[in-house]
Participant: 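Okay, here's the structure, questions in a sec.
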There are 2 protein chains.
Amino acid sequence: MTLVSSGMKVRKSAARMGRPRAFDIDEALDRALHVFWQKGYEGASLSDLTEAMGINRPSLYAAFGNKEALFCKALDRYAEGPAAYVHEALKEPTARAVVERLLQGAVDLQTDPRNPPGCLMVQSALSCREASDPIRKEVAARRKAGEAAIRQRFKRAIAKGDLPADANAADLARYVATVMYGLAVQAAGGASRAELRPAIQMALRAWPGA
Amino acid sequence: MTLVSSGMKVRKSAARMGRPRAFDIDEALDRALHVFWQKGYEGASLSDLTEAMGINRPSLYAAFGNKEALFCKALDRYAEGPAAYVHEALKEPTARAVVERLLQGAVDLQTDPRNPPGCLMVQSALSCREASDPIRKEVAARRKAGEAAIRQRFKRAIAKGDLPADANAADLARYVATVMYGLAVQAAGGASRAELRPAIQMALRAWPGA
DNA sequence: TTACTTATGTATCAGATGGTACATAAACTA
DNA sequence: TAGTTTATGTACCATCTGATACATAAGTAA
């Protein structure tokens, strides 16, 4: 089949062509995530990013596209890594346990001394310039998606009788999300784990049947 | 007394010297507040500000100093105007009524269609560039001051027996502030009044004896 | 080898940012 | 009148922003 052998470029397993990349792309993305987390989307300049990533501008653009694309990939990495506790929490057997783990996880992550304080999704949610409006919308959409996942979990809990039949899943989810966002603002403002833990105990007192 | 009449310039009441200012300084400040509220400190460029205020750059600098000083005056105006509900709420007779009015006031203000959505203190809290670090600290300090005022109010409530003797004023205040910040994030993300009202009803269920 | 493909480093771009110099306009004082 | 003081408008500055052009380096494929 001359058509195949000449027209298609059969990529031979892992051996890629051209000069090999001189940096680890995943580690670079982690560094970028760290910078975005600390400074927000607009606060992180390309100079900040390239310095932290240990690469030059053209390498960044070749590997990630542009600043927006890099940020979106950092969002993905955030969701799969540091913020994975959200999806883990949804697997808890009871709605009450779900909420406990969501709030506890939020406080633990946002006040972890190894990370920048606060939450990437909140930190970058309020960024302002019109130029970065697509980013704000993207982050808002992801927050809404997270809230929707919590809402669906509560709907299941209501259906199973784990929550009262007259409970409103949307209201419950919005309340939990609101507290989580508030915790992010507190943490970004310097609140410590010891200060925020009692706050989530308070928040849990609002829970139906507790 | 030649010393007085020659050395000191006796300012004759309201008649100021020099060319009179061609714009209303309070109205200009209101316009600036509006821009900061919508875009945050860093998101509001001087061009945005001067256009909204209807003046040129040099007039802005002559009247307000610089961007930082203008923002601080906008913060003052915010506290005395739109955010005055906080101090009003603290005058309510019971701690429960204080919290109800704080949360209700937050939702009403942050979802008022006449204002930008969200809260100026939260919107500008997470701004990012190192250059505007003083601003972030200033806003954080003002948020802490607000939280402290709420805490003091709850301490009085405990002393008067309005709250249980074993209640922790600091924890209660932190919880209320956290919910308020969360509401601001929600509102900035487009949440409506109808969506947030049930959330504050949820939040109130956590209150001691309710 | 020679061609081809991809990555790197330097040097730079146009545009936006916060902030000003300077000449002029409009009020008051003498 | 002239002199002083303050405000305005134009035009501009140095700096930073995100993003690239271009030559070169370092690999694979034939």
Side-chain angles (χ1 to χ4, degrees), chain A residues 2 5-25 28 32 35-36 39-72 74 127-135, chain B residues 2 5-25 28 32 35-36 39-72 74 127-135:
Chain A
T2 52
S5 57
S6 69
M8 294 188 58
K9 294 170 182 173
V10 181
R11 184 102 352 146
K12 293 268 186 63
S13 69
R16 296 205 357 267
M17 222 172 9
R19 179 172 176 173
R21 191 170 278 125
F23 62 95
D24 184 291
I25 200 167
V35 175
F36 280 129
K39 309 193 172 189
Y41 175 72
E42 298 209 315
S45 71
L46 280 183
S47 299
D48 293 333
L49 291 165
T50 53
E51 187 185 4
M53 298 164 85
I55 63 178
N56 293 105
R57 271 173 159 82
S59 297
L60 188 155
Y61 279 83
F64 300 100
N66 59 12
K67 192 186 177 186
E68 270 194 38
L70 173 62
F71 181 75
C72 287
S127 297
C128 339
R129 249 162 204 106
E130 284 106 9
S132 60
D133 213 55
I135 292 295
Chain B
T2 53
S5 58
S6 70
M8 295 189 59
K9 292 168 184 176
V10 181
R11 186 112 336 158
K12 291 270 184 63
S13 69
R16 296 208 353 269
M17 221 173 9
R19 179 173 177 171
R21 190 172 279 122
F23 62 95
D24 185 289
I25 200 166
V35 175
F36 281 130
K39 309 191 172 192
Y41 175 72
E42 299 209 315
S45 71
L46 280 183
S47 299
D48 292 333
L49 291 164
T50 53
E51 186 184 4
M53 299 164 85
I55 61 178
N56 293 105
R57 271 173 158 80
S59 297
L60 189 155
Y61 278 81
F64 299 100
N66 60 12
K67 192 185 175 186
E68 268 193 39
L70 173 62
F71 180 75
C72 286
S127 296
C128 340
R129 249 161 202 104
E130 285 104 10
S132 60
D133 214 55
I135 292 295

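Throughout, a chain's letter reflects where its sequence line sits, starting with A, and its residues are numbered from 1.
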Participant: Which word best sums up how the rings of Tyr41(B) and Phe36(B) line up, parallel for under 30°, tilted for 30 to 60°, or perpendicular for over 60°?
Facilitator: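 Aromatic pair Tyr41(B)/Phe36(B) classed parallel.
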Participant: Using atom types as modelled and distance alone, determine if a side-chain donor or acceptor of Arg129(A) lies under 3.5 Å from a backbone N or O of Glu42(B).
Facilitator: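 Checking the backbone N and O of Glu42(B) against the side chain of Arg129(A), a donor-acceptor pair under 3.5 Å is found.
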Participant: Roughly how many Å is it from CZ in Arg129(A) to P in dA16(C), rounded to a whole number?
Facilitator: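 From Arg129(A) CZ to dA16(C) P: 12 Å.
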Participant: Give, for atom NZ of Lys67(B) and atom OG of Ser132(B), the distance between the pair rounded to the nearest 0.5 Å.
Facilitator: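 Here the rounded value is 8.0 Å.
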Participant: Side chain of Pro20(B), heavy atoms from C-beta onward: which of dA27(C), dG18(D), dA29(D) has the nearest atom to it?
Facilitator: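 Closest nucleotide among those given: dA27(C).
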Participant: Roughly, in whole Å, what's the span from OH in Tyr41(A) to P in dT17(D)?
Facilitator: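 Rounding to the nearest Å, OH of Tyr41(A) and P of dT17(D) are 13 Å apart.
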Participant: Ala63(A) and Phe23(A): which non-hydrogen atoms are nearest, and at how many Å?
Facilitator: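 Here Ala63(A) and Phe23(A) meet closest at CB-CZ, 4.0 Å.
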Participant: Ignoring hydrogens and angles, tell me if any N or O in the side chain of Glu68(A) forms a donor-acceptor pair with the backbone of Ile135(A) under 3.5 Å.
Facilitator: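 A pair under 3.5 Å: no.
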Participant: If you go through the side-chain atoms of Arg19(A), does one of them form a donor-acceptor pair with the base of dA25(D) closer than 3.5 Å?
Facilitator: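 Pair found.
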Participant: Which whole-number value in Å describes the distance from Met17(A) CE to dA26(D) C1'?
Facilitator: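 Atom-to-atom, Met17(A) to dA26(D), this comes out as 13 Å.
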Participant: Any idea which heavy atoms bring Phe64(B) and Ile25(B) closest together, and the distance?
Facilitator: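 Heavy atoms of Phe64(B) and Ile25(B) come nearest at CZ-CG1, 3.6 Å.
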Participant: CD1 of Ile25(A) versus P of dT6(C): gap in Å, rounded?
Facilitator: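 Checked: the CD1 to P distance equals 14 Å.
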Participant: When the side chains of residues 44-57 of chain A are checked against the rest of the protein, which donor-acceptor pairs come out under 3.5 Å, sequence neighbours left out?
Facilitator:
residue, atom, partner, partner atom, Å
Ser45(A), OG, Ser47(A), N, 3.4
Ser45(A), OG, Asp48(A), N, 3.1
Ser45(A), OG, Asp48(A), OD2, 3.1
Asp48(A), OD2, Lys39(A), NZ, 3.3
Asp48(A), OD2, Ser45(A), N, 3.1
Thr50(A), OG1, Leu46(A), O, 2.9
Thr50(A), OG1, Ser47(A), O, 3.3

Participant: Rounding to an integer number of Å, can you tell me how far Glu130(B) CD sits from dT15(D) P?
Facilitator: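 Value for this atom pair: 18 Å.
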Participant: Work out how much the helix from dT1(C)-dA30(D) to dA30(C)-dT1(D) bends between its end axes, five pairs an end, to the nearest 10 degrees.
Facilitator: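 The two end axes of the helix from dT1(C)-dA30(D) to dA30(C)-dT1(D) meet at 10°.
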Participant: Counting side-chain heavy atoms from C-beta on, which of dG19(C), dG27(D), dA7(C) comes nearest to Arg21(A)?
Facilitator: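 Shortest atom-to-atom distance from the side chain points to dA7(C).
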Participant: Which residue, Gly18(B) or Gly65(B), contacts DNA chain C at a nucleotide closer to its 5' end, judged by nearest heavy atom?
Facilitator: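 By nearest-heavy-atom nucleotide position, the 5'-most residue is Gly65(B).
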Participant: For dA7(C), does OP1 or OP2 lie under 4.0 Å from any side-chain N or O of Arg16(A)?
Facilitator: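 Checking Arg16(A) against dA7(C): at least one side-chain N or O falls below 4.0 Å of OP1 or OP2.
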Participant: CZ of Phe71(B) versus C1' of dG18(C): gap in Å, rounded?
Facilitator: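 Going from Phe71(B) (CZ) to dG18(C) (C1'), I get 16 Å.
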Participant: In residues 42-62 of chain B, which ones come under 4.0 Å of DNA chain C, going by heavy atoms?
Facilitator: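 Of all residues in residues 42-62 of chain B, the ones placing a heavy atom under 4.0 Å from DNA chain C are Ala44(B), Ser45(B), Leu46(B), Arg57(B), Pro58(B), Tyr61(B).
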